[in-house]
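In what follows, residues are counted from 1 in the order of the sequence shown. In this text the structure is predicted, and so the values were computed from the model without any measurement.
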Amino acid sequence: SVFNIPLGGACIPMPFALGGSGSTFIYGLVDSDFKENMTKDEALALCAKAVSHAMARDGSSGGVIRTCVATAEGNEREMIPGNKLPYGPAGW
């Protein structure tokens with residue numbers, strides 16, 4: 001389950017949650033591309049697309065994307081370097 005906790009402290013069940021200084025730039029993109037029951041690969045691709053778009057617009061976002069998929073078997077961590085982002089200065 002995913003819950004969004006806004007500044008007022010409510011705990012709201014949501015299909016996904018976004019946060020951070022660049023998140024305001026990508027709500028429309030994620031609203032458009034998110035779908036229920038995505039495969040792991042689809043979800044990771046959407047994550048990379050959305051975060052790279054946020055990074056391109058937000059000067060406070062970092063230069064790489066780090067993902068972590070949590071499963072019952074453990075955590076799978078990956079890193080996409082800045083020159084391999086799906087969108088942004090290296091991909092323009």
Side-chain angles (χ1 to χ4, degrees):
S1 297
V2 175
F3 295 88
N4 190 7
I5 304 173
L7 290 176
C11 190
I12 305 166
M14 305 281 290
F16 60 84
L18 303 174
S21 61
S23 65
T24 57
F25 299 108
I26 59 171
Y27 271 97
L29 178 104
V30 177
D31 282 339
S32 173
D33 289 5
F34 176 82
K35 61 183 187 239
E36 293 286 340
N37 301 313
M38 296 174 83
T39 66
K40 180 177 82 171
D41 289 341
E42 290 171 329
L44 286 168
L46 175 56
C47 180
K49 179 180 178 181
V51 172
S52 65
H53 274 262
M55 290 167 62
R57 301 287 181 230
D58 176 36
S60 296
S61 293
V64 301
I65 296 174
R66 296 180 194 277
T67 61
C68 182
V69 177
T71 68
E73 291 78 35
N75 298 325
E76 301 172 25
R77 292 181 169 87
E78 293 184 17
M79 190 268 294
I80 303 172
N83 64 343
K84 302 286 186 192
L85 299 176
Y87 180 84
W92 284 338

Heavy-atom side-chain contact between Val69 and Leu44 under 4.5 Å: yes
Pro13 to Cys11 - nearest heavy-atom pair and separation: CD-O, 3.8 Å
Interatomic spacing from NZ in Lys35 to CZ in Phe16 - rounded to 0.5 Å: 14.0 Å
Closest contact, heavy atoms only, Val30 versus Ala50: CG2-CB, 3.8 Å
More than 12 heavy atoms from other groups under 6.0 Å of CD on Glu42: yes
Closest contact, heavy atoms only, Gly63 versus Met55: C-CE, 3.5 Å
Close side-chain approach of Met38 and Leu46, heavy atoms under 4.5 Å: yes
Note, Pro15 side chain near Val2 side chain (heavy atom, < 4.5 Å): no
Closest non-hydrogen atom pair, Ala48 against Pro86: O-CG, 3.6 Å
Cluster overlap Val64 with Val51, hydrophobic side-chain contacts below 4.5 Å: no
CA sep, side-chain torsions, deciding dist, call: Leu18, Ile26, side-chain contact (heavy atoms from CB on, under 4.5 Å): CA-CA 9 Å; Leu18 303 174; Ile26 59 171; 4.3 Å; yes
Spacing of SG belonging to Cys47 relative to CG belonging to Asp33, to within rounding of 0.5 Å: 12.5 Å
Value rounded to 0.5 Å, distance of CD in Glu78 from CZ in Arg66: 12.5 Å
Ser52 to Ile65 - nearest heavy-atom pair and separation: N-CD1, 3.9 Å
Stepwise side-chain contact (heavy atoms from CB on, under 4.5 Å) test for Leu29 and Tyr27: CA-CA 6 Å; Leu29 178 104; Tyr27 271 97; over 6 Å; no
Verdict with reasoning, Ser1 to Phe3, per side-chain contact (heavy atoms from CB on, under 4.5 Å): CA-CA 7 Å; Ser1 297; Phe3 295 88; 3.5 Å; yes
Geometric class of the Tyr87/His53 ring pair [parallel <30°, tilted 30-60°, perpendicular >60°]: parallel
Atom pair CD1 (Ile80) and OG1 (Thr67), whose distance is rounded to the nearest 0.5 Å: 6.0 Å
